[in-house]
Each structure stands twice: as structure tokens, then as C-alpha cells.
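Structure first, then comments.
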Amino acid sequence: MTAIDELFANNAGFASSLPSGHLDVRPSRKLAIVTCMDSRLDVFAALGLKDGEAHVLRNAGGIVSDDVIRSLAISQRLLGTEEVMLIHHTDCGMEKLTDDGFRAELQEATGVAPGFAIESFSDVDADVRQSIERVRNSPFLLHREVVRGFVYDVDDHRLREVATGPIP
Ligand SMILES: [Zn+2]
């Protein structure tokens with residue numbers, strides 16, 4: 001039995017434990033969260049978030065990539081979100097590699113240089129601030145006034161806000 005088989009079976013129990021219901025496609029808290037794919041961060045539990053309340057965009061590092069901007073543009077322009085919360089975390093896998101090293105590893109293994117940026121980082125606070133700036137500077141987004149960045153501690157489960165400068 002694979003992990004997916006187990007989870008597929010788990011879903012049957014989950015679905016039967018809940019009443020059927022329909023929530024609006026537009027997040028009720030008008031909020032989008034961008035965070036890392038890290039398996040130790042349960043975004044809903046850590047923030048007291050419920051279904052239907054926020055968009056949660058995840059990738060390796062919680063990086064504000066072009067694809068995250070694409071999702072945020074849809075989130076804001078079509079689905080009414082207005083605030084952006086960025087969450088990086090301690091002990092991130094993206095601190096354990098370098099752009100050049102991983103790029104060379106991929107090229108060596110496949111013969112092809114990846115067309116995407118790796119986006120590793122060594123200073124989590126600096127990366128949060130860069131992510132905030134990318135959101136603030138994107139012309140595709142309607143709402144760039146409330147963009148805040150945090151670091152989640154995977155050991156003590158606390159969020160710490162990263163201080164940023166004024167909106168340029
Ligand atoms: Zn991570």
C-alpha cells in the first residue's frame with residue numbers, strides 16, 4: 001500500500017464525518033497566504049484558519065515566483081482577496097543548497113540546464129523582505145498595501161514578524 005493509497009482511504013472517513021455543504025469560492029477573510037511546502041507547517045492549524053477563509057499558495061521556500069504572482073493576480077482580481085501574508089520558516093530546505101550547486105546537479109544529471117530560478121537563500125529574514133518587495137512591486141496586483149512577512153519556528157510553532165521599511 002502506498003502513501004497515496006492510505007490517504008485516499010483516509011478521505012472516505014473524513015468525508016463521511018462531515019455534513020455536505022457549500023462555501024463561497026471567494027475567501028471570506030479576503031486573504032492570500034504564500035508559504036513553503038515544508039511538511040511541518042500545518043498552515044490551517046498554526047493560524048487558526050478554517051476552510052473557505054484564505055488562499056494558501058505553497059512552493060519550495062515560499063518564494064514569490066512569477067507563478068505565485070499569477071495566482072495572486074487571480075486571487076485579488078477575480079476572487080476578492082486584499083491582504084497578503086508571507087510565511088517562511090526555520091530550518092528550510094532552501095537554506096541547504098545553493099543556486100549554482102543545484103543548477104549544476106540538475107544539468108549534470110539530465111544534460112539540460114533548468115529554465116527556472118532555484119531561489120535558494122541563506123538569510124531567511126532577508127528573503128522574507130525580498131518577497132514582500134516583489135509583491136509590493138508587482139504591477140499585476142490590485143492590493144499591495146497590506147503585505148506582511150513572518151518566520152515560523154518549526155520547533156516551537158511560533159510566528160515572528162519580519163520588520164520591513166515603509167511602502168515605497
Ligand atoms: Zn521551507
Side-chain angles (χ1 to χ4, degrees), residues 23-106 113-168:
L23 297 170
D24 196 311
V25 66
R26 291 166 298 188
S28 62
R29 288 188 185 270
K30 299 182 188 289
L31 169 68
I33 298 167
V34 181
T35 191
C36 186
M37 66 186 186
D38 194 277
S39 65
R40 297 162 294 183
L41 173 48
D42 180 340
V43 176
F44 285 77
L47 303 179
L49 199 62
K50 296 186 177 62
D51 291 352
E53 292 187 341
H55 285 142
V56 181
L57 317 177
R58 304 189 75 157
N59 62 28
I63 299 300
V64 178
S65 60
D66 285 349
D67 191 63
V68 165
I69 294 293
R70 177 187 73 89
S71 294
L72 288 176
I74 292 164
S75 177
Q76 294 193 349
R77 291 176 178 272
L78 272 70
L79 298 168
T81 66
E82 296 175 358
E83 296 182 37
V84 181
M85 183 177 194
L86 306 169
I87 306 176
H88 285 36
H89 65 93
T90 58
D91 193 38
C92 187
M94 298 304 288
E95 296 171 315
K96 303 178 196 312
L97 51 85
T98 64
D99 284 30
D100 289 349
F102 192 60
R103 178 174 295 282
E105 194 178 316
L106 289 176
F116 46 83
I118 307 299
E119 303 254 32
S120 63
F121 54 84
S122 55
D123 179 337
V124 68
D125 283 42
D127 207 70
V128 168
R129 284 192 288 270
Q130 172 176 274
S131 300
I132 291 171
E133 289 310 309
R134 284 188 184 174
V135 174
R136 284 180 175 173
N137 292 331
S138 174
F140 301 114
L141 304 181
L142 282 176
H143 303 286
R144 295 174 286 173
E145 301 79 21
V146 185
V147 184
R148 292 169 62 183
F150 299 81
V151 176
Y152 177 79
D153 188 312
V154 295
D155 296 323
D156 74 12
H157 319 292
R158 288 188 189 282
L159 273 185
R160 170 176 64 78
E161 184 158 15
V162 175
T164 56
I167 297 170

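Not measured: the values here are computed from a predicted model.
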More than 12 heavy atoms of other groups within 6.0 Å of D100 CG: no
Set of ring pair (Phe, Tyr, Trp, His ring centres under 6.0 Å) partners for F121, sequence neighbours left out: H88
D91, CG: over 12 other non-hydrogen atoms inside 6.0 angstrom: yes
Presence of salt bridge, E53 and K50, under 4.0 angstrom: no
Spacing of D155 atom CG and H89 atom NE2 [to the nearest 0.5 Å]: 11.5 Å
pair H55-I74: side-chain heavy atoms closer than 4.5 Å: no
Nearest-0.5 Å distance that lies between atom CZ in R148 and atom OG1 in T164: 9.0 Å
Backbone N/O of R134 and side chain of S138: donor-acceptor pair under 3.5 Å: no
F44, CZ: over 12 other non-hydrogen atoms inside 6.0 angstrom: yes
Exam field: side chain D42 to backbone A46, donor-acceptor pair closer than 3.5 Å: no
Greater than 12 external heavy atoms within 6.0 Å of R103's CZ: yes
OG1-CG distance between T35 and L47, expressed to the nearest 0.5 angstrom: 8.5 Å
Check: Q76 side chain, A73 main-chain N or O, donor-acceptor pair, under 3.5 Å: no
Residue pair V68 / I63, side-chain heavy-atom distance below 4.5 Å: no
Side-chain donor/acceptor of S75 to backbone N/O of T81, under 3.5 Å: no
Side chain proximity check, V151 to L159, heavy atoms < 4.5 angstrom: no
D127 side chain to D123 backbone, donor-acceptor under 3.5 Å: no
Distance-only donor-acceptor check, side chains S120 and T98, under 3.5 Å: no
Pair listing, salt bridge (charged side-chain N to carboxylate O under 4.0 Å, His left out) test, anchored in residues 68-87, at least two apart: D67-R70
C36 backbone acceptor or donor facing R58 side chain under 3.5 Å: yes
Exceeds 12 heavy-atom contacts within 6.0 angstrom, atom CZ of R160: yes
Passing option when Y152 is tested against R40, R158, H157 for side chain to side chain donor-acceptor pair (under 3.5 Å): H157
